[in-house]
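Atoms within each ligand, like the ligands themselves, are counted from 1 in listed order. If you read the sequence from its start, that first residue is 1, and numbering goes on from there. Only a predicted model underlies this, so the values are computations on that prediction, with no experimental measurement involved.
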Amino acid sequence: MEAFISRKRRRLSSEAAPSSRTTTEDDEAESTDYKLAVLASLCPDWPQDVLLETLLACDGSVEQAANALLVSASAGPPKKRSAISGHQSSLVSFARPTRNDDSRASPKKALTQKGKTLHVYAPEDVEAHTPCSIIHSFLPQDVADALLRELLEEAPSFSKETFSLFDRTVTSPHSMRFYVDSLAEAQEQKTRYVYNGSSIADIAQTTPEMLKVSALVREAVNEEIERRQQCCNPEGKKLKFQSAEQWQPNASFVNCYDGGKQSVGYHSDQLTYLGPRAVIGSLSLGVAREFRVRRIVPSGDTFTADAQGQIAIHLPHNSLLVMHAEMQEEWKHAVAPAQTIEPHPLAGNKRLNVTYRCYKDYLHPKYTPRSFDIDGRPPWAEGYKGNANVPAAVTNAEP
Ligand SMILES: O=C(O)CCC(=O)C(=O)O
Ligand SMILES: [Fe+2]
């Protein structure tokens with residue numbers, strides 16, 4: 001979730017590291033997602049596709065889009081849409097490739113259209129049309145329940161993010177906390193874990209049930225990586241820059257969505273620590289919600305978001321979604337607000353989500369090479385004279 005909201009996070013210090021985002025194209029694409037996230041927080045009752053359409057109709061003005069939606073809402077409630085839709089029949093008729101089918105690697109006819117949402121539920125459809133795979137009923141029920149109980153106890157310690165809009169502070173529509181497996185590391189790393197250019201001040205130790213489940217997630221994700229590689233990747237090979245090592249989770253973001261209005265806007269996970277072509281194992285517990293993905297399509301010199309519309313993956317209780325190697329660089333994802341939700345016997349209106357991640361300390365921004373000019377000024381200092389060895393993105397970075 002790192003990239004979706006601006007630089008202000010309640011529990012983040014303002015210490016900085018160079019941002020991992022380096023291009024103007026990225027900034028442009030990001031700003032649409034940023035605006036969408038802001039609009040979602042102002043108008044939580046509206047489905048994301050309506051928000052996106054309204055934003056586009058208002059030429060990207062969040063203020064105008066918010067006003068248009070408020071006027072429209074005063075004339076009657078938002079048009080009801082299924083909140084946990086996705087119970088469609090399988091899409092196998094759309095020529096789903098099979099294992100070892102070479103057509104997998106060739107471009108497929110797009111199933112989605114700009115501004116439209118395709119709902120997928122069946123694992124084979126998720127796999128065929130998104131860079132994800134899903135395992136339903138992943139954990140034995142008692143293990144899933146034990147983890148859910150533990151996370152429900154943890155949830156009050158989670159924090160929300162804040163950002164500024166039209167001279168007021170808006171809270172991001174869900175809460176979260178960052179966990180690492182080793183307490184010693186957590187203590188040592190406090191203020192050293194960085195994302196979005198800020199340090200994460202609140203780091204917790206992975207809880208016993210999370211750790212137990214981590215071993216099961218590790219095994220399943222490694223199998224999925226291998227299977228996906230064989231069945232879907234060109235020549236059955238890993239992607240360029242994808243890690244050749246076993247996937248070994250050692251950290252996680254845990255997200256809590258309390259009620260259908262809580263959501264997370266479109267974003268890609270920041271790859272600081274994860275490295276390129278990162279794989280993430282995302283376990284859902286409690287209320288079923290909709291996970292949306294859309295491809296970021298290169299078009300000419302800029303990146304155009306939503307060229308093909310979006311795909312909504314239904315995430316029921318106890319499902320493991322594997323975001324594969326192409327996901328973070330080529331797609332964006334979001335958890336859409338829901339008009340209605342089906343309460344869960346243990347979690348009530350809450351959805352808990354653990355995104356298991358493989359953090360690599362050697363990718364810490366502290367190792368990012370920086371250089372100082374001949375007067376000893378760092379690249380961000382006033383009067384910095386520049387240095388041919390420092391890329392512009394680093395030169396422009398805030399401290
Ligand atoms: O809640 C989810 O399923 C997704 C959370 C997410 O995108 C993240 O933690 O980065
Ligand atoms: Fe994410």
Side-chain angles (χ1 to χ4, degrees), residues 1-5 9 20 30 33-34 36-37 40 48 84 86 120 126 130-136 138 147-148 151 154-155 158-161 172-180 193 195-196 200 202-204 210 217 221 249 251-274 278-294 296 310-338 341 344 347 349-359:
M1 56 207 21
E2 296 82 308
F4 108 93
I5 272 170
R9 286 169 184 259
S20 65
E30 205 58 40
D33 297 311
Y34 174 75
L36 203 51
Q48 290 248 328
I84 47 171
V120 289
V126 172
T130 75
C132 303
S133 48
I134 191 164
I135 304 174
H136 290 146
F138 174 64
L147 177 58
L148 179 54
L151 295 179
E154 291 282 303
F158 295 2
S159 64
K160 291 189 174 175
E161 304 165 54
S172 107
H174 90 294
S175 61
M176 52 174 269
R177 199 172 188 195
F178 182 60
Y179 290 79
V180 294
Y193 272 114
Y195 58 39
N196 237 18
I200 310 173
D202 182 35
I203 302 169
M210 275 165 72
V217 170
V221 168
S252 58
F253 276 98
V254 183
N255 301 294
C256 177
Y257 304 83
D258 190 358
K261 287 183 180 169
Q262 296 207 345
S263 61
V264 68
Y266 265 114
H267 67 283
S268 296
D269 290 9
Q270 191 172 319
L271 299 177
T272 313
Y273 288 111
L274 299 176
V279 174
I280 293 173
S282 177
L283 181 65
S284 293
L285 297 165
V287 167
R289 294 289 296 265
E290 205 176 84
F291 183 75
R292 295 190 175 177
V293 298
R294 64 185 166 90
I296 308 302
Q310 54 189 352
I311 300 175
I313 304 172
H314 179 68
L315 293 184
H317 169 69
N318 197 12
S319 57
L320 178 70
L321 183 86
V322 182
M323 297 188 228
H324 285 283
E326 53 271 61
M327 179 79 166
Q328 304 305 331
E329 281 102 328
E330 296 173 28
W331 294 66
K332 294 208 174 204
H333 56 278
V335 174
I341 51 171
H344 183 270
N349 291 336
K350 292 193 177 79
R351 168 174 181 262
L352 272 301
N353 162 261
V354 190
T355 54
Y356 286 97
R357 292 148 192 264
C358 178
Y359 268 45

What I want to know is whether N255 and ligand 1 share at least one N or O pair that is separated by under 3.5 angstrom. yes
Determine, using heavy atoms of T355 and all atoms of ligand 1, whether some pair is separated by less than 4.0 Å. yes
If we ignore hydrogens and angles and just use 3.5 Å, is the side chain of H333 paired with the main-chain N or O of W331 as donor and acceptor? no
Would you kindly check if the NZ (Lys) or CZ (Arg) of R177 is within the cone defined by 45 degrees around the ring axis of F253 and under 6.0 Å from the six-membered ring centre? no
For ligand 1, which atoms, with element, lie under 4.0 Å from some heavy atom of D269? 10 (O)
Need the ligand 1 atom indices (1-based, order shown) with element for anything under 4.0 Å from a heavy-atom of R357. 8 (C), 9 (O), 10 (O)
Short version for Q262: what comes under 4.0 Å of ligand 1, heavy atoms counted, is neither
For ligand 1, is K332 a contact, meaning one of its heavy atoms is under 4.0 Å away? no
Using only heavy-atom distances, determine whether the side chains of S175 and N255 contain a donor-acceptor pair under 3.5 Å. no
If you define the side chain from C-beta out and look only at heavy atoms, does anything of I311 sit under 4.5 Å from V126? no
With a cut-off of 4.0 Å, which atoms of ligand 1 are near a heavy atom of H267? 6 (C), 7 (O), 10 (O)
Considering the heavy atoms of H333, write down every atom of ligand 1 situated less than 4.0 Å from one of them. 7 (O)
Would H174 count as a contact residue for ligand 1, given that I'm defining contact as a non-hydrogen atom of the residue lying under 4.0 Å from a ligand atom? no
Can you find a non-hydrogen atom of M176 under 4.0 Å from ligand 1? no
Using 0.5 Å steps for rounding, measure from the NE2 atom of H136 to the CG atom of N318. 10.0 Å
Among the N, O or S atoms of D269, the one nearest the Fe ion (ligand 2): OD1
Should you measure from each heavy atom of Y257, which atoms of ligand 1 turn up under 4.0 Å away? 1 (O), 2 (C), 4 (C), 5 (C)
Output all residues satisfying side-chain contact (heavy atoms from CB on, under 4.5 Å) with K261, sequence neighbours left out; order by chain, then residue number. P44, D45
Ligand 1 to N353, heavy atom cutoff 4.0 Å, flagged ligand atoms 1 (O), 2 (C), 3 (O), 4 (C), 5 (C)
Nearest 0.5 Å please: distance from the CD atom of Q310 over to the CZ atom of R294. 7.5 Å
Got a salt bridge between R351 and D258, using NZ or NE/NH1/NH2 to carboxylate O under 4.0 Å? no
Restricting to N/O/S, name the atom of H267 that gets closest to the Fe ion (ligand 2). NE2
Sequence neighbours left out, cut at 3.5 Å: what donor-acceptor pairs do the side chains of residues 319-327 make with other protein atoms?
| residue | atom | partner | partner atom | Å |
| --- | --- | --- | --- | --- |
| S319 | OG | P316 | O | 2.7 |
| H324 | NE2 | S133 | OG | 2.8 |
| E326 | OE2 | R228 | NH2 | 3.4 |

